[in-house]
There are 2 protein chains.
Amino acid sequence: MDKRRADIIAEEIEERIFDGRYQNGDRLDEVRLAEQFGVSRTPFREALQRLARSGLVELVPRRGAFVRQPGPVELMEMFEVMAEFEAVCGRLAAKRISDEALADLHDANDKCQIAVEALDPDSYYVENERFHKIIYRESGNGFLATETRNLHRRLQPFRRQQLRLRGRMAQSMEEHRAILDALEKGDSEAAANALRGHVAIQGEKFYNLLATLKNAAE
Amino acid sequence: MDKRRADIIAEEIEERIFDGRYQNGDRLDEVRLAEQFGVSRTPFREALQRLARSGLVELVPRRGAFVRQPGPVELMEMFEVMAEFEAVCGRLAAKRISDEALADLHDANDKCQIAVEALDPDSYYVENERFHKIIYRESGNGFLATETRNLHRRLQPFRRQQLRLRGRMAQSMEEHRAILDALEKGDSEAAANALRGHVAIQGEKFYNLLATLKNAAE
DNA sequence: ATCTGAGTTATTGTATACAAAACATTTGAC
DNA sequence: GTCAAATGTTTTGTATACAATAACTCAGAT
């Protein structure tokens, strides 16, 4: 049961949904797209199922596959859950993190700082991601780390937009320091709270962004 | 894209895995089982993919589908995450729960009490589940509630065994009371801690040991 | 005797053909 | 003119046929 084709197709469709080529509600025509990808309907349908699982596509029985972007409410819910996931990772990591991982965190944070000073949001994004993923891993719970990474990935396109907002990076750095502090002290509650706040703010910022977009559209 | 057949098949296979007819590592032969279910390989393979996504089956490219039960470590990880999910639900529900839902919780808890006194673990199980699902819902976050229900469902077979092992229903009732108390007071932290403890009770210390061992091995 | 390798078999992955259901269009009645 | 029914078309769901790859077997060499 080789999923390579289906995987490649699923990723490509995902890409097209993220960059807006496929809009919310668009129907994904099996025959047309399968032909476009140069495969038959069978593997293409596998890709659709995969996308349905990750929530990007809705499969309506006997009707077809439709692009399904999360609405504002669902998105806010997901950001809230993301904040809580990260908080849980932090809570566990505070008790389990290794010295080596702490050093890695410091390194990632230092590179974040450099990126802030260089006004380089792209490399900030990369290093910030590394920072967070170390914490996921150091939760010592592989299942949690995987779930958290999955949700992180799903929110990635939305997060990226809001990162560009003004003055966010500097504030983020302070929050990182608080997180590092709590982890070094092994203070679970402080680590959880710091991470929750850090990520929740992104959600709020995102909400503001949404609101402005919506106002502009009306 | 009607999933009814595939759904029915997936559920049946799931049942067979849970009740032990299919053991860990067993290969699920496409042609033999598809024939047994009276369908062709196409819908049967859809069912396999579905099972793979819920983690019960591993799809090895060009090798086939294999039953994959979580091992002890993964199981402990999942229980730990379950405890944290419930804690998050409690944290949010403490601020958002309605009076009506609180009344429902009291009702479920009363019925739990009756079940304890009647030494009726089956109806205790049912009412306890209702108790917890109310909290998921009252988190006010549909995404979180769904994720929590999914994990709950996945752990169900293991939880059931465990419940029977010890006569910890009475202890459980005390914990329920603490949870209710915190929710009524709107105390997020207390609700989260009570729920985490309630669900996590099983071998948390053992897991800490496991996690450190695992980290040390890496 | 064991290991290697070619040929065979079995099984997965993919394409296509067919069936059934939903959708659209046209025709007919009121 | 509008609504409705019926037929035709499109599209999904399923079965089957075909291709590709991995597993197995058995013969032969070291």
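In what follows, every chain begins at residue 1, and chains take the letters A, B, ... in the order their sequences are listed. All values derive from a computational prediction rather than experimental measurement.
Using a 3.5 Å distance cut-off with no hydrogens or angles, the side chains of A:Thr146 and A:Tyr136 do not pair a donor with an acceptor. There is a side-chain donor-acceptor pair under 3.5 Å between B:Glu86 and B:His132.
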Let me see the working for A:Asp7 and A:Arg5 under salt bridge (Lys or Arg N to Asp or Glu O under 4.0 Å), right down to the final yes or no.
CA-CA 5 Å; A:Asp7 268 332; A:Arg5 314 263 176 129; over 6 Å; no
Please report the C-alpha distance between A:Val67 and A:Glu58 in whole Å, then the side-chain angles of each, then the deciding distance to 0.1 Å, and finally whether the side chain to side chain contact (heavy atoms under 4.5 Å, CB included) criterion is met.
CA-CA 6 Å; A:Val67 175; A:Glu58 187 179 13; over 6 Å; no
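Between A:Glu46 atom CD and D:dT14 atom P the separation is 14 Å, expressed in whole Å. In this structure, B:Ile8 places its CD1 atom 10 Å from P of D:dT14, rounding to the nearest Å.
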Give every pair of a protein N or O atom and an N or O atom of nucleotides 5-11 of chain C that lie under 3.5 Å apart, one pair per line with the distance.
none

Atom pairs, protein N/O to nucleotides 15-19 of chain C N/O, distance under 3.5 Å:
{"from": "C:dA15", "atom 1": "OP2", "to": "A:Ser40", "atom 2": "N", "distance (Å)": "2.6"}
{"from": "C:dA15", "atom 1": "OP2", "to": "A:Ser40", "atom 2": "OG", "distance (Å)": "3.0"}
{"from": "C:dA15", "atom 1": "N7", "to": "A:Thr42", "atom 2": "OG1", "distance (Å)": "3.0"}

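Here A:Phe85 and B:Phe85 bring their ring centres to under 6.0 angstrom of each other.
With sequence neighbours excluded, no residue forms a side-chain contact (heavy atoms from CB on, under 4.5 Å) with A:Glu11.
A salt bridge links A:Arg45 with B:Glu46: the closest approach of a Lys/Arg side-chain nitrogen to an acidic carboxylate oxygen falls below 4.0 angstrom.
Paired with A:Leu56 under the rule side-chain contact (heavy atoms from CB on, under 4.5 Å), one option of A:Glu14, A:Arg154, A:Arg68 passes, and it is A:Glu14.
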